[in-house]
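Everything on this sheet refers to the single structure shown next.
Sequence positions, counted from 1, serve as the residue numbers for this chain.
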Amino acid sequence: MNDDEPAHTGRLRTLLGSLTPDLSPWRASRDFRYLWTSGCITSFGSFLTYVAVPMQIKDLTGSSFAVGLIGAVELVPLIVFGLWGGALADALDRRKLVLRSEAALGLLAALLLLNALLPHPLLWPVYLVAALVAACDGLQRPALDSLLPRIVAHQHMSAAFALKSLYHNVASVAGPALAGVVVAFSGVRTAYALDVLTFAVSLLLLVRIRAVPPPTGAERPSVRAVLTGVRYAWSRKDLLGTYAIDTLAMLFAFPVAVFPFLATELGADWALGPMYAASAVGGLLVGATSGWTSGIHRHGRLLVAAAVGWGAAMALAGLSGNVWVVLIGLALAGGADEISGIARATMWNQSIPDAVRGRMAGVELLSYSVGPQLGQVRAGTMAGLVGVRAAVWSGGLACVVAVLAVAAALPRLLAYDDRTDPHAAAVRAEHERAERERAAAATTAAAEA
């Protein structure tokens with residue numbers, strides 16, 4: 001063995017470590033392991049219902065309009081209850097809020113199953129349950145997102161989000177395929193029954209997470225509390241930049257609605273499924289090699305670069321007449337979106353104080369849910385005016401221009417550095433103080449025992 005081998009071995013280990021997921025949050029936090037596993041299970045269950053609901057509506061009505069109406073039914077409850085859910089997450093035990101909303105989602109899945117078991121299933125309960133699911137999701141998501149900083153160490157935020165997005169991307173690729181097989185061979189009843197089962201397992205995991213009480217002196221949920229959160233978001237121009245970029249990127253460069261027409265125009269109807277999966281594949285590849293993100297400190301710059309990459313990749317997909325180049329472009333876009341998501345989530349979790357974290361999660365919910373909805377409207381409208389491919393590439397270029405404009409207008413976004421940012425320093429101190437208090441409480445409990 002020569003003297004250089006240990007050094008080479010160390011460099012190789014460093015390289016491999018930067019290209020594999022950082023498992024630090026999984027090793028360090030028992031509660032994160034329960035939360036991650038629960039999310040993994042329910043993601044697959046949710047995709048079963050995601051595919052089954054439009055299929056059932058199609059079978060009941062034969063109308064594409066009736067299928068499309070499901071999105072409109074879900075949007076308003078998601079917005080209203082997302083903001084209110086943020087206020088609740090700052091005032092109540094977040095674990096209890098997550099548990100109760102998870103139980104409610106399980107019951108709603110059971111209602112879909114009961115309706116499907118009728119000799120002649122009814123249409124209106126499907127829409128009603130879809131609206132109630134959106135409301136429960138709006139109530140749960142802020143509590144779920146704001147739970148993460150309470151159970152994961154400050155320095156592990158990027159790694160924790162990368163691990164969460166890893167199972168989401170796996171579910172996004174495999175979930176619809178699995179759901180399609182289940183619905184095709186066993187029907188929507190089996191899909192709903194399996195979804196109910198996943199919620200039951202998820203609840204058994206979530207109940208094992210320790211209580212997460214609200215901060216001392218937490219503001220009671222009210223319209224005033226919601227407005228306080230909105231004002232805080234407006235005062236933080238770096239955060240405002242993350243919301244604006246996410247919304248604009250989805251508005252201009254989220255052409256999922258025209259994928260069926262794009263596949264036909266390319267003479268490759270077989271590619272429709274791969275088009276839907278391509279971005280998730282790209283995101284999955286980034287998530288599986290995301291160890292390097294734990295060493296990033298300038299998350300605002302990373303976000304801007306990734307959002308520009310998202311738009312450029314979508315422009316490539318629209319400009320090319322080759323289906324394989326289109327699929328590569330969509331996969332590159334998905335990878336860029338994954339990097340953008342890691343940057344956004346890290347900034348949010350590292351720099352937002354716990355007292356308003358739930359309300360900020362509600363604002364974040366709007367930024368990444370409204371954008372895709374409007375983006376589908378834009379893509380469909382533009383496709384009717386200028387053609388399908390032009391709607392895709394023009395949206396990608398518009399995304400690049402919009403992102404660069406936001407970055408120029410909000411320099412605090414580019415200046416963000418978690419090593420020097422005062423908000424990040426304050427949240428870091430808050431985390432350290434909470435860790436000391438938990439350790440002291442555990443020592444006292446052990447001594448009393």
Side-chain angles (χ1 to χ4, degrees), residues 10-11 13-29 32 145-146 148-166 232-233 235-246 249 283 286-310 335-354 356-357 360-361 364 367 403-404 406-435:
R11 285 195 291 270
R13 287 177 178 174
T14 301
L15 176 61
L16 291 176
S18 68
L19 294 177
T20 55
D22 183 353
L23 299 178
S24 299
W26 178 273
R27 297 191 188 102
S29 174
F32 178 76
D145 291 347
S146 58
L148 194 64
R150 295 286 293 274
I151 63 175
V152 174
H154 190 269
Q155 68 270 22
H156 295 158
M157 290 299 175
S158 292
F161 181 81
L163 288 174
K164 282 187 64 181
S165 63
L166 185 61
Y232 176 83
S235 71
R236 291 280 307 278
K237 302 309 179 188
D238 49 352
L239 295 183
L240 198 62
T242 68
Y243 303 146
I245 284 177
D246 188 30
V286 169
T289 57
S290 60
W292 60 273
T293 60
S294 296
I296 300 294
H297 300 284
R298 307 294 293 268
H299 297 100
R301 294 186 179 186
L302 181 64
L303 168 60
V304 171
V308 167
W310 160 267
D337 187 46
E338 176 70 9
I339 295 172
S340 170
I342 291 173
R344 289 195 312 271
T346 303
M347 282 185 65
W348 296 341
N349 289 324
Q350 282 186 341
S351 69
I352 296 176
D354 195 50
V356 294
R357 187 69 194 87
M360 291 304 95
E364 292 151 18
S367 78
V403 168
L404 293 176
V406 170
L410 298 172
R412 289 188 186 177
L413 175 64
L414 294 177
Y416 179 85
D417 187 326
D418 65 9
R419 296 166 296 188
T420 57
D421 183 78
H423 301 287
V427 171
R428 189 180 302 113
E430 183 179 71
H431 270 251
E432 292 171 352
R433 183 170 60 253
E435 286 295 325

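Looking at heavy atoms from C-beta onward, Met347 lies out of side-chain contact with Asp421 at the 4.5 angstrom threshold. Considering only heavy atoms from C-beta on, Leu163 comes within 4.5 Å of Pro25 through its side chain. Annotation: side chain of Leu240 is not in contact with side chain of Val406 (no heavy-atom distance under 4.5 Å). Residues His299 and Gln350 have side chains in contact (heavy-atom distance under 4.5 Å, counting atoms from C-beta outward). Annotation: side chain of Met360 is not in contact with side chain of Asp145 (no heavy-atom distance under 4.5 Å).
Looking at Arg357 and Glu430, no side-chain N of the basic residue comes within less than 4.0 Å of a carboxylate O on the acidic one, giving no salt bridge.
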Please evaluate residues Ile352 and His423 with respect to the criterion side-chain contact (heavy atoms from CB on, under 4.5 Å), reporting the C-alpha separation (whole Å), side-chain torsions for both, the decisive distance (0.1 Å), and the verdict. CA-CA 7 Å; Ile352 296 176; His423 301 287; over 6 Å; no
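For the ring pair (Phe, Tyr, Trp, His ring centres under 6.0 Å) test, no residue two or more places apart in sequence or in another chain qualifies with Tyr232. Under the rule for a side chain to side chain donor-acceptor pair (under 3.5 Å), Ser29 has no partner lying at least two apart in sequence or in another chain.
Contact between Trp310 and Ala249 at its shortest, heavy atoms only, is NE1-O, 3.2 Å. Among all heavy-atom pairs drawn from Ile245 and Ala307, the shortest one is CG2-CB, 3.6 Å. Annotation for Ala233 and Tyr243: closest pair CB-CE1, 3.9 Å, computed over non-hydrogen atoms.
The aromatic rings of Trp26 and Phe32 sit perpendicular, their planes meeting at an angle over 60°, well past the 30° parallel limit.
Of the possible donor and acceptor atoms, none in the side chain of Arg412 sits under 3.5 Å from a partner among the backbone N and O of Asp238. Counting only distance, with no hydrogens or angles, the side chain of Arg236 and the backbone of Ser351 share a donor-acceptor pair below 3.5 Å. Of the possible donor and acceptor atoms, none in the side chain of Arg419 sits under 3.5 Å from a partner among the backbone N and O of Arg298. A donor-acceptor contact shorter than 3.5 Å links the side chain of Asn349 to the backbone of Ala345. Put simply, the side chain of Thr346 gets close to the backbone of Ile342: a donor and an acceptor are under 3.5 Å apart.
Here CD1 of Ile296 is found 12.5 Å from CG of Leu303. Values are rounded to the nearest 0.5 Å. In this structure, CD1 in Ile339 is found 12.0 Å from CZ in Arg344, a value given to the nearest 0.5 Å.
Using modelled atom types and a 3.5 Å distance limit, the side chains of Asp417 and His297 yield no donor-acceptor pair. Under 3.5 Å, the side chains of Trp348 and Thr242 contain a donor-acceptor pair of N or O atoms. A donor and an acceptor atom, one from each side chain of Arg150 and Ser146, are nowhere located under 3.5 Å apart.
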